[in-house]
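Note that these values count all heavy atoms, side chains included, but never hydrogens, waters or copies made by symmetry. Throughout, residue positions are numbered sequentially from 1 according to the sequence presented.
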Amino acid sequence: MTAPDPTVQAMIEGRRADTGRRRQRVLASLAEAAKDGSEVSVAAIARRVGVDRIFLYRHRDLLGQVHAQARRAAHDPRRPGPGREPGFPPSRPAAADARTARLTAQIRRLETRLSEALGEQVWRESGIGGPEDTEQLQARITTLERQVVDLELKLQDRDDDLAAARAANRELMPQLIREPARRDQ
C-alpha cells in the first residue's frame, strides 16, 4: 500500500485546520452572545462569525448549542418579556410556566436527538449511507488512479519491447536456419 499523495494530504490537513478555526469562532460568538445578551439564532451567529449557515447545519453539535442557547435566552427571566421588567423575579405561576416550557423544550430536544441517532443508525445499516471518511477515500482513489496510469504506461513499454524482440527474432531466424546448412557442407 502506497502513502497518500503529499499534496492531497496537505489539502486535507488545511481543510481540517480551517474547519477547526471556524468552529472556535462559532463557540466564541456563542459565549459572547451569552454574556452580552445579543440575538442567538443560526443566521445571527453565522453572520457574526462570517460563515455560511450551512456550516452550522453540517456540524450538528454546534447547531445544537446554538438552538439550546436560543431557547435559554427565550426563557431567561432576566431578559425583558411581556409584563415584566428586566431583572425582576418572576412570580410563582410564571416560574412554573417557565419550568414547564423548559422541560417541554428539553423533551423535544431529546426526542429529536434520539430520532436523529436512530435515523443515522438505520441509514448506515441499510447501506444507503456513504462512508464517513470520504476525504481519505477520495485521496486513495486519486493515488490508485495515478498508479493505474503508471502501470498502463509500463505495460505499453513492455508491449513495445516485446514487439521489437519478436521482429528481431523474425529477422534472425532465417539466418540461423541457413547457418547450420552451410556448416554441414
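- Linking Ile, Leu, Val, Met, Phe, Trp and Tyr whenever their side-chain heavy atoms come within less than 4.5 Å puts Y57 and V49 in one cluster.
- Residues S29 and I45 share a closest heavy-atom pair of OG-CD1, 3.7 Å.
- Looking at residues two or more places apart in sequence or on another chain, you find a side chain to side chain donor-acceptor pair (under 3.5 Å) between D160 and Q156.
- Without hydrogens or angle criteria, R48 side chain to E39 main chain gives a donor-acceptor distance under 3.5 Å.
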Cut-off 3.5 Å, no hydrogens considered: what does the side-chain donor-acceptor table look like for residues 61-68, sequence neighbours left out?
| residue | atom | partner | partner atom | Å |
| --- | --- | --- | --- | --- |
| D61 | OD1 | R23 | NH1 | 3.3 |
| D61 | OD2 | R23 | NH2 | 2.3 |

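- Take Q121 and apply the side chain to side chain donor-acceptor pair (under 3.5 Å) test, not counting sequence neighbours, and it matches E125.
- The side chain to side chain contact (heavy atoms under 4.5 Å, CB included) test with R71 is passed by exactly one of R108, R102, R109: R109.
- Annotation: side chain of L162 is not in contact with side chain of R158 (no heavy-atom distance under 4.5 Å).
- Between E145 and V148, the closest side-chain pair of non-hydrogen atoms is not below 4.5 Å.
- Taking D150 as the reference, nothing meets the side chain to side chain donor-acceptor pair (under 3.5 Å) condition, with sequence neighbours excluded.
- Note that OG of S41 and CZ of R47 are 6.5 Å apart. Values are rounded to the nearest 0.5 Å.
- Note that the CD1 atom of I12 and the OG1 atom of T7 stand 11.0 Å from one another [nearest 0.5 Å].
- When the shell of 6.0 Å around CG of L155 is examined, it contains more than 12 heavy atoms from other residues, nucleotides or ligands.
- Listed for the Q69 side chain is a donor-acceptor partner under 3.5 Å among the backbone atoms of L30.
- Contact of the V26 side chain with the F55 side chain is registered, since non-hydrogen atoms from C-beta on lie closer than 4.5 Å.
- Taken from CD in Q106 to CZ in R99, the straight-line distance is 10.0 Å, to the nearest 0.5 Å.
- When hydrophobic residues (I, L, V, M, F, W, Y) are linked wherever their side-chain heavy atoms come within less than 4.5 Å, the members clustered with L153 are V149.
- Side chain of T100 to backbone of A96: a donor-acceptor contact under 3.5 angstrom is found.
- There is no path of hydrophobic side-chain contacts, each under 4.5 Å, that joins L137 to V8.
- Screening residues 10-21 for side chain to side chain donor-acceptor pair (under 3.5 Å), with sequence neighbours left out, gives D18-R22.
- The two atoms that bring V40 and A33 nearest to each other are CG2-CB, 3.7 Å, heavy atoms only.
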